[in-house]
Amino acid sequence: MISFEKAQRLIGENVPKPKKIKVSLANSLGDVIAEDVKAPFPLPIYDNSAMDGYVLRSCDTRSASQRKPVLLKIKDTMKAGDYPTRPLSTGEAYKIMTGALIPKGGDCILPKEEALVKNGCLIIEQLIGVSRHVRRQGEEIEKGRRVICKGAVIHPATVGVLASFGLECVKVFVRPKVSVITTGSELIPAGQELKPGKIYDSNSLVVSSILKSMRIEPVLIQTIGDRKGILKRTLKRAFEKSDVLILTGGVSVGDYDYVKEVLAQFGVRTIFWKVSQKPGKPIYFGRKGSKLVFGLPGNPASVFTCFYEYVFPALRRMSGFCNPYLHREMLKIGTQIKPDRRKILFLKGKTELDGKKKTVIPLSRQGSHMISSLQDANCFILIPPSRKSTKEGQKVRVDLLPAGNGAL
Ligand code: AMP
Ligand code: MG
């Protein structure tokens, strides 16, 4: 049996390098960018007006005063999107709208709110400084500057930056293709009548929901009984279709836990089986070529914990994330905990703000077959194996679940 840390490390070492693909910018949200992007041109691309008003030449206003105003002839109007047909000459002004290109010769803007207009002329009573209310070419981003680094996650604002450069496509890391196979002869899908001895299957929906929250649409979702034949047929299809196989149930030591045996027949090499942890001890991880296989123990809390601690980082690493793990914090715990002597405990926990101090409390209903308290959980509390109790107020490691328990 190996430790949690070793299990995470072994998975990290076996995850294949992320692959790249070009996608349309419109569909890139949440992806990890696979290339540095440099500005193909400056932003703004040309000098333009920051205000609705009048564009003029600052030097024309040098002698202007209230006693001796300067009159400038309003010659034309520049709408956003217009291109001037002639430069602005001495003694002239153009009406101009926000975002419109500054015509040659013009170098400052008098906002509409400050302008005095009479008989088609602008009456200037003071000096208007050069560059006033002008957005200068390249003032935000110079041509050639790196605007996005490889490895960055594409947020709506990132899409905005790339769109400003007119980019239609962007190179990102491909999300892996994932199959979800749920095993257990006791499982009944929703909508069917529950017979004695049977239970409704929740794992397949939990796993595919977490995948959806990661923007991974499973290529195959199948729930099957504990029978070798159907397991073989399902695995065959899953290997053909996917990079990662996630199985739940059937990896423990029960007489009908066939998953490991059948995987071995498919040539899957066992990297590890069993981790000293609770819940989720019988977790299996194997590899066939570049394809990864996770066998998660069927108890719902085991599935949830093992997914977030092992599968989630592997899938994120394959999708190009530099920091694939759950975000980790050290927080004071609100109650005393009795650790296990040999296994690390993953407790369903909730962080709380006490004034300015953040603490964490374990929730009730910690059993590995219990899933209901996970609804309120926003973290796992990790209690390492020990003989000594973890005292109230002691700092413990907390692995935070994604915001909104993954639903956002
Ligand atoms: P196993 O890992 O197959 O030994 O299953 C361990 C426990 O988890 C058993 O009590 C199963 O009934 C339960 N279980 C397995 N698969 C599911 C599932 N898909 N949904 C809900 N409970 C399950
Ligand atoms: Mg089972």
Side-chain angles (χ1 to χ4, degrees), residues 1-2 4 7 178-213 216 218 220-235 237-238 242 244-265 268 270 272-286 293-312 343 345-348 365-375 377 380 405-406:
M1 201 147 31
I2 60 169
F4 158 61
V178 180
S179 285
V180 180
I181 304 170
T182 308
T183 72
S185 295
E186 72 278 37
L187 304 175
I188 299 283
Q192 283 188 21
E193 193 194 336
L194 204 57
K195 303 220 172 70
K198 307 285 183 187
I199 57 168
Y200 281 122
D201 163 25
S202 62
N203 288 342
S204 63
L205 279 162
V206 168
V207 170
S208 39
S209 299
I210 306 177
L211 289 170
K212 273 187 192 151
S213 78
I216 295 175
L220 180 143
I221 306 176
Q222 196 157 340
T223 300
I224 56 175
D226 295 308
R227 293 194 320 274
K228 289 185 194 172
I230 180 85
L231 180 56
K232 279 184 196 165
R233 289 195 293 281
T234 311
L235 281 172
R237 286 208 305 142
S242 40
V244 177
L245 278 65
I246 304 170
L247 293 101
T248 77
V251 286
S252 195
V253 292
D255 287 359
Y256 301 91
D257 291 340
Y258 296 132
V259 168
K260 287 187 284 86
E261 182 191 326
V262 175
L263 285 172
Q265 288 169 15
V268 180
T270 303
F272 65 75
W273 176 48
K274 289 189 179 169
V275 176
S276 317
Q277 69 174 59
K278 196 173 162 188
K281 184 179 86 173
I283 179 172
Y284 167 95
F285 175 59
V293 183
F294 292 91
L296 311 183
N299 272 311
S302 308
V303 167
F304 196 86
T305 310
C306 291
F307 192 105
Y308 271 115
E309 291 292 354
Y310 300 115
V311 186
F312 178 81
K343 295 180 217 151
L345 304 181
F346 291 92
L347 304 177
K348 302 153 190 157
R365 292 165 280 150
Q366 288 288 346
S368 57
H369 57 299
M370 298 176 180
I371 195 169
S372 54
S373 50
L374 275 170
Q375 283 189 101
F380 299 124
N405 214 329

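Below, each value reflects all heavy atoms present in this structure, side chains not excepted, and no hydrogens, waters or symmetry copies. In this chain, numbering begins with 1 at the start of the sequence shown. Each ligand, and each atom within it, is numbered from 1 in the order the structure gives.
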Practice item. Just let me know how Val251 lines up against ligand 1, side chain, backbone, both or neither, with a heavy-atom cut-off below 4.0 Å. Key: neither
Practice item. Can you measure from CD1 (Ile221) to OG (Ser179) and round to the nearest 0.5 angstrom? Key: 9.0 Å
Exercise for review: Show which atoms of ligand 1 fall inside a sub-4.0 Å distance from at least one heavy-atom site of Asp201.
Suggested key: 18 (C), 19 (N), 20 (N)
**Study point:** Under 3.5 Å: N/O of Thr182 near N/O of ligand 1
**Key:** no
Point to revise | Test item: Val268 and Tyr284 side chains (from C-beta on) under 4.5 Å apart, heavy atoms | key: yes
Exercise for review: Considering the heavy atoms of Gly249, write down every atom of ligand 1 situated less than 4.0 Å from one of them.
Suggested key: 2 (O), 3 (O)
Exercise for review: List the steps, then state whether side chain to side chain contact (heavy atoms under 4.5 Å, CB included) holds for Leu296 with Phe304.
Suggested key: CA-CA 9 Å; Leu296 311 183; Phe304 196 86; over 6 Å; no
Check your understanding: For ligand 1, is Glu186 a contact, meaning one of its heavy atoms is under 4.0 Å away?
Key -> yes
Review point. Do you know the tightest heavy-atom contact between Gly367 and Ala301?
Key: O-CB, 3.9 Å
Output a table of donor-acceptor pairs, distance under 3.5 Å, between side-chain atoms of residues 247-258 and any protein atom two or more places apart or on a different chain; print 'none' if there are none.
| residue | atom | partner | partner atom | Å |
| --- | --- | --- | --- | --- |
| Asp257 | OD2 | Ser252 | N | 3.3 |
| Asp257 | OD2 | Val253 | N | 3.4 |
| Asp257 | OD2 | Gly254 | N | 2.8 |

Check your understanding: Listed by chain and number, what are the salt bridge (charged side-chain N to carboxylate O under 4.0 Å, His left out) partners of Glu186, not counting sequence neighbours?
Key -> none
Review point. What's the shortest heavy-atom distance between Lys348 and Arg365, and which atoms?
Key: NZ-O, 2.9 Å
Check your understanding: Rounded to the nearest 0.5 Å, how far does CZ of Phe346 lie from CD of Glu309?
Key -> 4.5 Å
Review point. Tell me, which protein residue and heavy-atom name are nearest atom 22 (N) of ligand 1, and how many Å apart are they?
Key: Ile199 CD1, 3.5 Å
Point to revise | Gly298-ligand 1 polar pair, N/O distance under 3.5 Å | key: yes
Point to revise | N or O pair under 3.5 Å between Gly250 and ligand 1 | key: yes
Review point. Which residue supplies the protein heavy atom nearest to atom 17 (C) of ligand 1, what is that atom called, and how far is it?
Key: Asn203 ND2, 3.1 Å
Point to revise | Per-residue contact class, Asp226 against ligand 1 - non-hydrogen pairs under 4.0 Å | key: neither
Review point. Quick one: does Asn299 get an N or O within less than 3.5 Å of an N or O on ligand 1?
Key: yes
Check your understanding: Any N/O of Ser202 closer than 3.5 Å to an N/O of ligand 1?
Key -> yes
